[in-house]
Asks: 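Structure provided below as C-alpha cells; questions to follow.
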Amino acid sequence: MESDLVDQRKKKIDELTERGIDPFPNDFKPSHSTAQLNSAHGDSSPEQLDELKDEFALAGRVVAIRDFGKSIFLHITDGSGRIQGYLRKDVAGPEQLDFFKKIIDIGDIVGIKGSLFKTKTGELTVNIKFVKLLTKSIRPLPEKWHGLKDVEIRFRQRYLDLIANPEVKETFIRRQKIIKLIRHFLDNRDFFEVETPILHPIAGGAAAKPFKTYHNALDMELYLRVAPELYLKRLLVGGFERVYEIGRSFRNEGLSNQHNPEFTIMELYQAYATYEDLMSLIEELFCYVAETILGTLEFEYQGTLINLNPPWERVSIMASLEEIVGAEVLHSEDMLFKKADSLGINHLGIRGKALVEIFESVLGDKIVNPTFVFGFPLDVSPLARRNSENPELTDRFELFINGREYANAFSELNDPVDQRARFMAQLEMKAKGEEEVHEMDEDFITALEHGMPPAAGAGVGIDRLVMLLSNVPSIREVLFFPHLRPE
RNA sequence: GGGCCGUUAGCUCAGUUAGGUAGAGCAUCUGCCUUUUAAGCAGAGGGUCGCAGGUUCAAUCCCUGCACGGCUCACCA
C-alpha cells in the first residue's frame with residue numbers, strides 16, 4: 001500500500017530526529033553542477049582524473065541506487081543533468097555506508113563530496129567520501145524505466161512529470177527560449193515592451209467570452225482581459241510608436257487540444273506601418289525563431305512536413321471564395337447563406353461570418369505551409385482599418401500554418417467616428433444572437449479622438465507557436481499546469 | 001455541451017475467452033554480493049479492480065447512473 005511506503009519513510013525521519021540529525025538541513029553548498037563536471041571531465045582519461053586532487057561537492061536527487069553490499073552505485077540529478085556516485089565502504093567508511101543503506105531512498109535529495117574517477121565502462125563517477133541527507137522524501141517516485149505516463153498525474157503533479165520524463169523539461173526550456181528570441185527580435189527593431197492591465201472594466205480587443213471577477217473596495221465587476229489590444233493602442237496615442245506585450249489572456253470558452261482558458265499572446269503595434277509591413281515582420285520573426293531553435297525552416301509537425309521558407313503565400317479571401325463558390329454567390333446574400341447552411345455553418349445572418357467560415361471550412365484545413373489569408377469582411381473586423389478600394393473589407397490578415405491560425409493582424413482603425421459606428425454594429429450582431437462581440441468602449445473612443453497615428457498591429461498565439469516548434473500535439477504539453485477539472 | 005474510448009498494486013501494464021473474492025516487471029521489506037548502470041541471486045509484504053446502485057447463489061468482469069481523463073465535433077488563439 002502507498003501508506004506503507006510513506007510510513008516506512010516517515011519512520012526514518014523519526015529515527016533521524018531521535019539521533020539529532022536534521023532531515024531537512026540547508027547548510028550544504030555544491031561547488032559544481034553535474035553538467036559542469038560532465039563537460040569539464042567527461043572526456044578526461046582515468047590518469048588525468050587521478051592527477052586531479054580536487055574534491056567536488058554536488059547536490060541533487062537520488063534517482064537510482066544499486067547496492068552491492070560493501071559498495072553502492074547511485075545516480076543523482078540536479079538542475080543541469082545527472083552523474084553517477086560510488087560509495088565504497090573502504091573510502092567513505094562503514095558509518096556512512098550504513099547510514100546510506102538505512103536512511104537514503106530513491107527520491108531523497110543529498111549532498112555528496114568526493115574525487116572523480118572512471119568506471120570500467122568509462123562513466124565519469126564521483127568517488128564519494130562524504131554524503132549528507134539534504135531533504136528526506138516520503139513519497140515514492142514514478143517507476144524508472146517506463147516513466148510516468150498517466151496524463152492526469154503528469155499534468156496535475158507536473159513536478160513528477162519533470163522528474164520522470166526528461167524530454168518534458170526540454171519542451172519548457174524551449175518554450176522560454178522561444179519567448180526570449182521573440183523579445184530579442186522585437187527589441188532589436190526598437191519595439192518597447194510594456195505591461196498593460198489584466199483586470200479590465202470592459203473586456204475588449206477580441207470577440208470572446210470573458211471571465212468575470214469582482215473588486216470589493218470599488219464595488220465593481222471587472223473582467224480578465226481577452227486581449228491587450230485596446231490598451232496597447234492607447235499607448236500609441238500617448239506617443240509610444242512601437243510597443244509590444246507578451247502575456248496571459250483569458251477566454252471563457254471550451255477546452256481542447258489547442259485551447260486553454262488562459263493562454264499567452266504576443267501583441268505588437270507599430271505606428272506608420274500597414275498590415276503588409278506586418279506580413280513581412282511576422283514572416284521574419286517566425287523564420288528567425290524557427291531557424292534559431294531548429295536550425296532549419298523545414299521540419300515535421302505531427303507527421304506533416306512544414307516549409308517556412310519565405311516568401312510566404314498570400315491569399316485573398318474574396319478571390320478564393322469566388323473560385324470556390326462563384327461570384328454570383330458572393331453577391332447574393334440568399335445564395336451565400338444557403339451555401340453556408342449546406343456546410344453546417346451557424347452564420348446568424350451575418351454576411352462576414354458566413355464568408356469567413358465558408359473560407360475556413362473549405363480551404364482552411366488545406367493550408368499546410370504558412371499562408372497569409374487577407375481581406376477580412378468589415379463586420380467581423382471591428383477594430384481594423386477599412387480597405388480603401390473595397391469599403392466592405394478590411395486591411396486584415398490571419399496567418400495559417402497546417403490548418404491552424406497562428407497570427408491575426410491588421411492596419412488599425414484610427415477614425416473615432418467609424419470606430420463608434422463599428423462598435424454599434426457589433427451590438428446589432430449581438431442582438432442577432434452572436435454571443436462573442438466587441439463591447440462598446442467609450443474610453444477607447446475618447447483616446448482615438450485625441451488622435452492615434454496610423455498604425456498596424458498583430459497578435460501571435462505563443463502557445464501554438466511553441467507547439468509547432470516542439471512537435472507536440474496538445475497545448476497541455478507546453479503549459480506547466482494546463483487547466484483540468486479539480487479532482 | 002454532443003459522440004466514442006478509458007480508469008486493475010506506489011509506477012508501467014497483463015487478465016477476467018464464457019461471472020467463481022486478481023497477476024507480472026519496477027519500486028518496497030529481509031538475506032547475500034566492493035566497477036554496477038533496467039545490476040544479479042534467494043525469499044516476503046502490498047489491491048474495497050474509479051465511485052454508487054442493479055442483476056445474480058456469487059460481480060473486477062454483465063446493466064444503469066456518476067466522477068475524472070483521452071480522442072473527436074462545434075467556437076475561439
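Residue numbering restarts at 1 for every chain, and letters A, B, ... go by the order of the sequence lines. All values below were derived from every heavy atom in this structure, side-chain atoms included, with hydrogens, water molecules and symmetry-related copies excluded. Everything numeric in this text was worked out from a predicted model, so none of it was measured.
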Asks: Who are the side chain to side chain contact (heavy atoms under 4.5 Å, CB included) partners of A/Thr371, not counting sequence neighbours?
Replies: A/Glu313, A/Val315, A/Ile367, A/Val373
Asks: Give the rounded distance in Å between these two atoms: CG of A/Leu255 and C1' of B/A74.
Replies: 14 Å
Asks: Would you classify A/Leu148 as touching base, sugar-phosphate or nothing, given that sugar-phosphate means primed atoms plus P, OP1 and OP2, and contacts are heavy atoms under 4.0 Å?
Replies: sugar-phosphate
Asks: Going by heavy atoms in the side chains, are A/Tyr86 and A/Ser71 under 4.5 Å from each other?
Replies: yes
Asks: Within the 4.5 Å heavy-atom criterion, are A/Lys118 and A/Leu49 side-chain neighbours or not?
Replies: yes
Asks: For atom NZ of A/Lys12, decide whether the heavy atoms of other residues, nucleotides or ligands shown that lie under 6.0 angstrom number more than 12.
Replies: yes
Asks: Which stems, defined as runs of 3 or more consecutive Watson-Crick or G-U wobble pairs with both pairing distances under 3.5 Å, involve RNA chain B?
Replies: B:1-7 with B:67-73, B:10-13 with B:23-26, B:28-32 with B:40-44, B:50-54 with B:62-66
Asks: Mind listing the closest non-hydrogen atom pair of A/Tyr269 and A/Gly457 along with its distance?
Replies: CD2-CA, 3.5 Å
Asks: Would you say B/U36 has OP1 or OP2 under 4.0 Å from some side-chain N or O of A/Arg66?
Replies: no
Asks: Which residues pass the side chain to side chain contact (heavy atoms under 4.5 Å, CB included) test with A/Ile13, not counting sequence neighbours?
Replies: A/Thr17, A/Pro23, A/Phe24, A/Lys136, A/Ile138
Asks: May I ask you to evaluate whether A/Lys118 reaches the phosphate of B/U36, defined as a side-chain N or O under 4.0 Å from OP1 or OP2?
Replies: no
Asks: Excluding sequence neighbours, so at least two apart, what forms side chain to side chain contact (heavy atoms under 4.5 Å, CB included) with A/Lys89?
Replies: A/Lys70, A/Pro94, A/Leu97
Asks: Is A/Glu253 touching bases, backbone alone, or none of the nucleic acid, heavy atoms closer than 4.0 Å?
Replies: base
Asks: Considering only side-chain heavy atoms of A/Asp105, which listed nucleotide, B/U12, B/C29, B/U36, is closest?
Replies: B/C29
Asks: Looking at residues 68-98 of chain A, who's got a heavy atom less than 4.0 Å off RNA chain B?
Replies: A/Phe68, A/Gly69, A/Lys70, A/Ser71, A/Phe73, A/His75, A/Gln84, A/Tyr86, A/Arg88, A/Asp90
Asks: Mind jotting down which residue pairs meet the salt bridge (charged side-chain N to carboxylate O under 4.0 Å, His left out) criterion with at least one end in residues 277-289 of chain A? Sequence neighbours excluded, please.
Replies: A/Arg189-A/Glu284
Asks: To the nearest 0.5 Å, what is the distance between NZ on A/Lys212 and CD on A/Glu221?
Replies: 4.5 Å
Asks: Check for me whether the distance between the ring centres of A/Phe56 and A/His41 falls short of 6.0 Å.
Replies: yes
Asks: Are there any protein N/O atoms within less than 3.5 Å of an N/O atom in nucleotides 24-27 of chain B, and if so, which ones and at what distance?
Replies:
{"from": "B/A27", "atom 1": "OP1", "to": "A/Lys144", "atom 2": "NZ", "distance (Å)": "3.1"}

Asks: Could you pull out all residues at least two apart from A/Phe397 that satisfy ring-ring contact (aromatic ring centres under 6.0 Å, His included)?
Replies: A/Phe372
Asks: Which word best sums up how the rings of A/Phe191 and A/Tyr244 line up, parallel for under 30°, tilted for 30 to 60°, or perpendicular for over 60°?
Replies: perpendicular
Asks: Would you tabulate the pairs of protein nitrogen or oxygen atoms and nucleotide nitrogen or oxygen atoms of nucleotides 68-70 of chain B closer than 3.5 angstrom?
Replies:
{"from": "B/C68", "atom 1": "O3'", "to": "A/Arg156", "atom 2": "NH2", "distance (Å)": "3.1"}
{"from": "B/C68", "atom 1": "O2'", "to": "A/Glu152", "atom 2": "OE1", "distance (Å)": "3.1"}
{"from": "B/C68", "atom 1": "O2'", "to": "A/Glu152", "atom 2": "OE2", "distance (Å)": "2.2"}
{"from": "B/G69", "atom 1": "OP1", "to": "A/Arg485", "atom 2": "N", "distance (Å)": "2.8"}
{"from": "B/G69", "atom 1": "OP2", "to": "A/Arg485", "atom 2": "NE", "distance (Å)": "3.2"}
{"from": "B/G69", "atom 1": "O4'", "to": "A/Glu152", "atom 2": "OE1", "distance (Å)": "3.3"}
{"from": "B/G70", "atom 1": "OP1", "to": "A/Arg476", "atom 2": "NE", "distance (Å)": "3.1"}

Asks: Do any N or O atoms of the protein come closer than 3.5 Å to N or O atoms of nucleotides 42-44 of chain B, and which pairs are they?
Replies:
none

Asks: May I have all residue pairs that pass side chain to side chain donor-acceptor pair (under 3.5 Å) and include part of residues 140-149 of chain A, sequence neighbours excluded?
Replies: A/Glu143-A/His146
Asks: Between A/Glu15 and A/Arg19, is the closest basic N to carboxylate O distance under 4.0 Å?
Replies: yes
Asks: What residues form a side chain to side chain donor-acceptor pair (under 3.5 Å) with A/Asp379, not counting sequence neighbours?
Replies: none
